[in-house]
**Student:** 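Shown below is the structure under consideration.
Quick note on labels: first sequence line is chain A, next is B, and so on, each numbered from 1.
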2 protein chains.
Amino acid sequence: MDDQTDQTRKPRADAVRNRERVLEAAKVVFTAGGPEASLEAVAKRAGVGIGTLYRHFPTREDLFEAVYRREVEQLSELAEQLKNAKDPVDALRRWLRSGVEFVATKKGMVAALALAVQSGSELHAFSFERLTKAISSLLDRAAAAGAMRADISPEDLLRAFFGMCYMHDQPGWQSSVLRMLDVFVDGLRVQTAAKAKVRAAKPAKTAVKRKR
Amino acid sequence: MDDQTDQTRKPRADAVRNRERVLEAAKVVFTAGGPEASLEAVAKRAGVGIGTLYRHFPTREDLFEAVYRREVEQLSELAEQLKNAKDPVDALRRWLRSGVEFVATKKGMVAALALAVQSGSELHAFSFERLTKAISSLLDRAAAAGAMRADISPEDLLRAFFGMCYMHDQPGWQSSVLRMLDVFVDGLRVQTAAKAKVRAAKPAKTAVKRKR
DNA sequence: GAAGATACGGAGGCACCCTCCGTTTAACAA
DNA sequence: TTGTTAAACGGAGGGTGCCTCCGTATCTTC
């Protein structure tokens with residue numbers, strides 16, 4: 001399926017080269033300047049015209065996704081590995097912690113996750129699906145083992161995780177997030193002894209009056 | 001302290017009026033267009049020049065904070081009220097849930113929270129302090145009662161909460177966040193039987209099934 | 001009413017976004 | 001090789017928004 005089928009031309013060499021250059025430049029620029037960085041700066045750094053950049057990546061998101069696709073894949077693969085860990089809850093915890101590390105290392109990762117999570121457009125289907133599946137595999141196993149509540153969807157978790165990482169530019173964010181994740185995972189855990197009904201988690205009416 | 005002291009002039013009437021107009025316009029524009037909305041649009045709607053806007057609010061954040069200061073205060077006051085609730089953990093849960101409602105109602109609220117949480121600049125000291133204190137009062141009480149782990153700081157919680165609300169523009173975000181908050185609060189509960197002081201007999205664990 | 005402080009407005013310079021199209025270049029056929 | 005042609009290139013240009021600057025208008029005070 002890789003060969004050009006029928007009357008499709010071989011892609012032009014310069015096109016391939018330029019695409020690669022843009023990606024490389026984007027990686028650098030996004031890492032330094034965040035996801036808001038100027039696309040013109042990317043083009044300049046890549047040594048191509050702005051038009052070329054836009055031809056290859058019609059939207060900022062397209063470019064962004066292409067840049068961080070690999071990272072997403074890595075996170076996803078990690079989940080695959082963790083699937084076989086003994087303690088399913090701990091596996092999930094580990095995965096989340098690795099996610100934090102990713103964010104810490106690659107500054108653009110948060111934005112990539114944000115993209116994956118936000119805006120349901122087809123463009124991000126890849127990242128979103130990939131990560132959702134990754135989480136899902138961990139979640140399902142833990143739930144099946146009866147070690148974790150089953151009413152939390154992978155999407156929920158992804159969003160929560162991403163959200164927690166969102167303030168990644170503050171001092172001390174990392175340990176804060178790690179703490180929060182622990183709390184969170186604790187909350188997910190089904191307490192073996194806790195078949196007893198507790199008087200706590202009743203729907204807690206949210207109708208709090210608000211003066212306006 | 002309201003009177004002009006010494007040689008301070010009375011503020012000009014037009015200045016006061018314009019400031020108010022800008023605030024009102026900003027409220028509308030930010031609500032509609034999110035925190036990225038054009039400041040020039042705000043100025044136009046307020047019927048003032050762009051220069052006037054910038055004189056009153058030198059940065060976008062300044063304007064933003066001014067607009068949402070009131071909301072922050074309301075959230076803060078709510079915490080004050082909840083302080084006297086019977087169950088301290090439940091009080092916290094309620095507060096968080098109200099926060100979600102705020103976000104749902106006032107679209108700009110997320111951004112306001114973001115501001116409060118991010119960027120340690122002095123500009124946001126108000127919001128941040130206010131909310132931190134609000135949470136703190138709830139957190140402390142719960143911790144003092146031995147009902148909740150004590151190693152979570154108000155800042156941690158604020159960040160986590162804000163983060164979860166961050167994807168407020170997706171369909172179904174609200175119920176997702178509410179679920180996550182429940183998980184989270186469950187995780188905050190002191191779980192081990194280690195605290196014999198408070199109801200050692202019943203495990204204060206609340207991993208009950210919650211229908212979505 | 002005059003003086004002086006204060007505020008006003010919007011032009012203007014800059015940066016970025018994105019599109020459009022004349023020019024260049026690589027792939028393929030002869 | 002050379003010619004043909006589709007594909008890709010680059011960057012000018014029109015649009016929007018940001019923010020500053022400063023001549024002008026207006027308000028307060030005496």
**Student:** If you assign each of E40(B) and P11(B) to its closest nucleotide in DNA chain C, which residue comes earlier from the 5' end?
**Tutor:**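 Checking each residue's closest nucleotide, the 5'-ward one belongs to P11(B).
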**Student:** Does the pair M164(A) and R159(B) meet the rule for a side-chain contact (heavy atoms from CB on, under 4.5 Å), with working shown?
**Tutor:** CA-CA 7 Å; M164(A) 287 188 199; R159(B) 288 198 267 255; over 6 Å; no
**Student:** If you check every side-chain atom of A13(B), which of dG11(D), dT28(D), dC17(C) has the closest atom?
**Tutor:**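 Nearest to the side-chain atoms of A13(B), counting from C-beta on, is dT28(D).
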**Student:** Any side-chain N or O of R60(B) less than 4.0 Å from the OP1 or OP2 oxygen of dC18(D)?
**Tutor:**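 The answer is yes; a side-chain N or O of R60(B) sits under 4.0 Å from OP1 or OP2.
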**Student:** Using whole Å, report how far CZ of R55(A) lies from P of dC18(C).
**Tutor:**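 Computing the R55(A):CZ to dC18(C):P distance gives 15 Å.
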**Student:** So, do F102(A) and R97(A) sit near enough that their side-chain heavy atoms are less than 4.5 Å apart?
**Tutor:**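 Counting from C-beta outward, F102(A) and R97(A) never come under 4.5 Å.
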**Student:** State which of dC17(C), dC8(C), dT20(D) makes the closest approach to the side chain of I50(B).
**Tutor:**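 Among dC17(C), dC8(C), dT20(D), the one nearest the side chain of I50(B) is dT20(D).
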**Student:** Which part of the nucleic acid, if any, lies within reach of S38(B) when heavy atoms closer than 4.0 Å are counted: base, sugar-phosphate only, or nothing?
**Tutor:**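 Sugar-phosphate, backbone atoms only, no base.
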**Student:** Would you call E73(B) and R69(B) a salt bridge, taking side-chain N to carboxylate O under 4.0 Å as the test?
**Tutor:**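 The answer is no: the pair does not qualify as a salt bridge.
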**Student:** So does T52(A) get a side-chain nitrogen or oxygen closer than 4.0 Å to the phosphate oxygens (OP1/OP2) of dG10(D)?
**Tutor:**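 Indeed, a polar side-chain atom of T52(A) lies that close.
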**Student:** Is a donor-acceptor contact shorter than 3.5 angstrom present between the side chain of R12(A) and the base of dA27(C)?
**Tutor:**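 Not at all, since no donor on one side and acceptor on the other fall under 3.5 Å apart.
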**Student:** Specify the residue among L39(B) and V16(A) whose closest nucleotide of DNA chain D lies further upstream toward the 5′ end.
**Tutor:**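 That would be V16(A).
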**Student:** Is N18(B) close enough to dC8(C) that one of its side-chain N or O atoms is under 4.0 Å from OP1 or OP2 there?
**Tutor:**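 Indeed, a polar side-chain atom of N18(B) lies that close.
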**Student:** Relative to the 5' end of DNA chain C, which residue comes earlier, G51(A) or R19(B), by the nucleotide with the nearest heavy atom?
**Tutor:**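 On the 5' side of the pair lies R19(B).
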**Student:** For salt bridge (charged side-chain N to carboxylate O under 4.0 Å, His left out), just list the numbers for R179(A) and D151(B), CA-CA rounded to whole Å, side-chain angles, deciding distance to a tenth of an Å, and then say yes or no.
**Tutor:** CA-CA 9 Å; R179(A) 270 197 302 279; D151(B) 62 336; 6.0 Å; no
**Student:** Quick one: is dC9(D) close enough that its OP1 or OP2 comes under 4.0 Å of any side-chain N or O from H56(A)?
**Tutor:**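 The answer is yes; a side-chain N or O of H56(A) sits under 4.0 Å from OP1 or OP2.
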**Student:** If you check every side-chain atom of Y54(B), which of dT29(D), dC19(D), dA7(C) has the closest atom?
**Tutor:**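 For Y54(B), the side-chain atoms sit closest to dC19(D).
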